[in-house]
Structures are given as structure tokens and as C-alpha cells.
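Comments concern the structure below.
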Amino acid sequence: MNEKQAGVAVPRTAVVEEMGSYFVFVQNSPISFEKRSVVLGATDGNLVKIDKGVHEGERVVTKGAVILKLSQGAAALDPHAGHVH
């Protein structure tokens with residue numbers, strides 16, 4: 001990626017793909033994360049430019065984004081589905 005390009009760049013590991021759309025997790029507080037849709041720009045293979053969706057100065061999860069994605073799916077499951085008490 002050209003260093004002269006302005007904007008926000010994040011490690012490729014921060015970007016999560018879901019059904020053809022791309023997301024990152026932005027940290028709102030020490031225990032609160034927001035899944036945010038992003039538009040990707042140029043990449044050098046390690047870093048990817050975010051053209052839309054994240055602003056300079058926001059904290060983006062760069063390691064463990066896939067784990068956050070999986071935990072969101074687990075939270076949506078009904079813990080009682082599939083068995084009877």
C-alpha cells in the first residue's frame with residue numbers, strides 16, 4: 001500500500017467477511033464492541049485501507065475478530081432449542 005494515501009488502514013486480520021460483505025469490530029468500551037460494515041480499498045496483502053465505515057482514532061479489533069464474530073452467533077442461539085426439560 002502506498003504510504004501517501006490518506007485514510008485508515010488496518011491489518012487484514014481485522015476484517016471479517018460475511019456473505020460477501022466486510023465488517024470490523026470497533027471497541028466502544030473495554031467490554032463493548034460494535035460490528036461495523038466497511039468498504040475496503042487498496043491492500044498490500046498485510047494492511048487494507050478502509051474507504052468507508054471507520055474513522056481515524058477509533059479502536060479496531062485487530063486480533064480475535066473472528067472469535068467476536070463467532071460469539072455473536074452463539075449469543076443468538078436459543079439455549080433451550082433441541083432439548084426438552
Side-chain angles (χ1 to χ4, degrees):
M1 214 166 81
N2 185 345
E3 290 183 24
K4 294 180 182 178
Q5 291 178 327
V8 176
V10 298
R12 187 76 180 118
T13 57
V15 179
V16 178
E17 187 269 336
E18 191 172 283
M19 296 176 53
S21 297
Y22 297 96
F23 300 89
V24 296
F25 288 92
V26 177
Q27 187 175 19
N28 294 324
S29 74
I31 60 169
S32 173
F33 301 91
E34 172 189 352
K35 180 179 169 185
R36 181 127 10 120
S37 177
V38 293
V39 175
L40 303 182
T43 183
D44 66 1
N46 294 320
L47 295 176
V48 61
K49 184 172 180 260
I50 305 295
D51 286 339
K52 187 176 180 183
V54 175
H55 303 287
E56 190 174 334
E58 290 186 302
R59 293 179 62 111
V60 175
V61 174
T62 60
K63 293 182 181 178
V66 173
I67 294 169
L68 280 174
K69 176 186 172 190
L70 293 173
S71 71
Q72 279 190 327
L77 295 176
D78 179 0
H80 300 290
H83 67 274
V84 179
H85 289 268

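Criterion: ILVMFWY side-chain heavy atoms under 4.5 Å apart, direct or through other members. Under it, Val60 and Val38 are part of a common hydrophobic cluster. Under a hydrophobic-cluster definition in which Ile, Leu, Val, Met, Phe, Trp and Tyr are linked whenever side-chain heavy atoms come within less than 4.5 Å, directly or via other members, Val8 and Val48 are assigned to the same cluster. Both Val15 and Val26 are assigned to one and the same hydrophobic cluster, defined by single-linkage of ILVMFWY side chains at heavy-atom distances under 4.5 Å.
In this structure, CZ on Phe23 lies 11.5 Å from CD on Glu34, to the nearest 0.5 angstrom. Rounded to the nearest 0.5 Å, atoms CZ (Arg36) and NZ (Lys52) are 12.5 Å apart.
The backbone N or O of Thr62 sits less than 3.5 Å from a side-chain atom of Thr13, completing a donor-acceptor pair.
Taking both residues in full, the closest heavy atoms of Glu58 and His55 are given as OE1-N, 2.8 Å, listed atom of the first, atom of the second, then distance.
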Go through it in stages, so that I can follow the logic: the residues are Val16 and Phe25, the test is side-chain contact (heavy atoms from CB on, under 4.5 Å), and I'd like the CA-CA distance, side-chain angles, deciding distance and then a yes or no. CA-CA 9 Å; Val16 178; Phe25 288 92; 4.2 Å; yes

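Taking 4.5 Å as the limit, every side-chain heavy atom of Val54 sits out of range of all side-chain heavy atoms of Val10.
Checking each of Arg12, Glu17, Lys49 against Leu40 for a side chain to side chain contact (heavy atoms under 4.5 Å, CB included) leaves exactly one that passes, namely Arg12.
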